[in-house]
Every structure is written in structure tokens, then in C-alpha cells.
Amino acid sequence: MPLRSIIPDVWIASIVLQVMLAVVLLAKKTWQKYPIFSAYVFFGLFEAAVTYAVFQKVMVHFYTFWIFEAIGIVLGLAVVREIFTNLFSPHPALRKLATMIFRGAVVGLLVLALGVFYAQFGDARGFANAVLLAAKATRILEVGLVMFLFLSSGAFGLHWRQNLFGIALGLGTLAAVELVTVSFVGHVSQNTARALSLVRLLSFSMSLLIWMGYLLAPERVTGSADVPKRAQLEQWNQAVMELISR
């Protein structure tokens, strides 16, 4: 079966999964605790519906896709920030440091993207190239931050059965696959590009299933025994607080 006929079916399936996830978010009232993640999910549903509606209109689809991609990059970074804000909530200095790093990353990505867009101003693909470059940098940042989260989860008492871990796992899975796919865009044949689009859709569907599974399953409550290095974390928090206060 040609990939061209498979991709629309997978696309529709991902939209159905997004609708199901949106219903779960509303039913479980997850949007109250994770508003940015919820906005990311609802925006993804809106994006999928609009891009599918204008799929046959080449130029409209081109600009719609890349505009939504740019917004999605910002929201993806905001989800990472929300993850670390929740993780560092008992440690204000570490939370402030994470916020500063996030803001610096966003400013750096904007400067990078605007530089590429200015260099190719007037070219119809200039905006797309700028977004593509920003997407690569964002995915690298997301994968790195999520890897840090997994490696340090024990120190912060984050258990794999908690929603925060599931959100990070789904985002990291999606970011890792998209990092590979965006790295090859524009350097492969049309058939290979379709295959990469299919892989991207499948990875997105996998992330949706991960998020739904975590939100529907009973969440483990963090206890004092889950944070074996609380004293060390407090020392780090105090050290960062002194550093920021200088």
C-alpha cells in the first residue's frame, strides 16, 4: 500500500486520539494543574484539524503548517518549563534558575530564527527555513532537558507512575523522533520524506497514548521516602539562592 494513502488514515487516527486526550484532560480536570500542557494538547488538536482541512490547497497548507509549527515550538518549550516549575516547586531558587535558563533559551532561539529569516528575506521558504532551524535547536533542548529529568528523577522523588513523569516521557519521545525527522527534511527523496512524515505521525500518536495512559491510571503520591536526598537538594537550593542574590 502506498505511503500516500496511509498517511491520511494515520492523520485521522491521531486526530481521534487528540480528541480522546482532550476529553480526558477535561474530565480529570488536569488543565487546572498543568494549564500549559493542556493548552499544548488543545492547540495540537486545532492545528491538526485546520491543516487537514487545507491539505489540498498547497500554498495555504504550506504557510499554515509552518506558522503552526512556530507556535508549537514555543508551546513545547513552555511545557518543558511547566514540568520543571512543578518539579522545583519546593525549591524556589532552583525554580528561578530554571526560569532564567528557559528565558535565555527562548531569546537565543528567537535571535537564531530571526537571523535566518532576515538573511533569506523575500524568499518564500525563508520563514520555513527559520522555523526549521529553530525546531532543530528546540528539539535538542527538549531532549536534553527531558534526559536530565529522567536521570535526576530519583533525587527529586519523581516516580515513573506520576503524571509529571508521563508528560515528560511523551514529550521526550516526540522530541527525539522529530529531531531526527527535521534533520533530514530537504535532504531526502520524496518517498523518504513521506516515510519520515509517517514516522512523525506515529510517534505523535505514541505520545498521545502515553499521556492518556498516565492520566487514566492511578497516580502515585510522592512520600518522604521517595526523596532520599532532600537535605542535599536543600543545600543546592541554598547555594543557587546565594548565587542569584549576588
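Because only heavy atoms are used, hydrogens play no part in the values below, and waters and symmetry mates are left out as well, while side chains stay in. Remember, it's a predicted structure, so these values are computed and weren't measured experimentally.
Residues Trp211 and Leu25 share a hydrophobic cluster, clusters being chains of Ile/Leu/Val/Met/Phe/Trp/Tyr side chains in contact below 4.5 Å. At a threshold of 4.5 Å between side-chain heavy atoms, the hydrophobic network of Ile, Leu, Val, Met, Phe, Trp and Tyr places Val177 and Leu202 in two separate groups. In the hydrophobic cluster analysis, where Ile, Leu, Val, Met, Phe, Trp and Tyr join through side-chain heavy atoms closer than 4.5 angstrom, Val199 is grouped apart from Trp11. Cluster membership for Ile15 and Leu201, using ILVMFWY side-chain heavy atoms within less than 4.5 angstrom, is shared.
Using a 4.5 Å heavy-atom threshold, the side chains of Thr85 and Ile36 count as separate. Within the 4.5 Å cutoff, the side chain of Gln18 has no heavy atoms near those of the Val41 side chain. With a 4.5 Å cut-off on side-chain heavy atoms, Glu82 and Pro35 count as touching.
Nearest heavy-atom pair, Asn86 versus Lys33, reported as atom, atom and distance to 0.1 Å: OD1-O, 4.3 Å. For the pair Phe42 and Ala22, the tightest heavy-atom approach, listed with the atom from each and the gap, is CE2-CB, 3.4 Å. Between Ala39 and Leu75 the shortest heavy-atom distance is O-CD1, 4.4 Å. When all heavy atoms of Leu17 and Ser205 are compared, the closest pair comes out as CD1-CB, 3.8 Å.
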Full working for side-chain contact (heavy atoms from CB on, under 4.5 Å) between Thr64 and Val50: CA-CA 8 Å; Thr64 300; Val50 172; 3.8 Å; yes
Evaluation steps, side-chain contact (heavy atoms from CB on, under 4.5 Å), between Phe37 and Trp31: CA-CA 8 Å; Phe37 171 69; Trp31 54 271; over 6 Å; no
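Atoms CG and OH, on Leu164 and Tyr34 in that order, are 4.5 Å from each other to the nearest 0.5 Å. Of the inter-residue distances, the one linking Tyr214 atom OH with Ile167 atom CD1 reads 10.5 Å to the nearest 0.5 angstrom. How far CZ of Phe204 is from CD of Glu178: 8.5 Å, rounded to the nearest 0.5 Å. To the nearest 0.5 angstrom, Leu21 atom CG is 6.5 Å from Leu215 atom CG. Taken from CD1 in Ile71 to OH in Tyr40, the straight-line distance is 13.0 Å, to the nearest 0.5 Å. Ile210 contributes atom CD1, which lies 4.5 Å from atom CG of Leu169 (distance to the nearest 0.5 angstrom).
The local environment of CZ in Phe46 is sparse, with at most 12 non-hydrogen atoms from other residues, nucleotides or ligands closer than 6.0 Å.
Judged by distance alone, the side chain of Ser207 and the main-chain N or O of Ser203 form a donor-acceptor pair under 3.5 Å.
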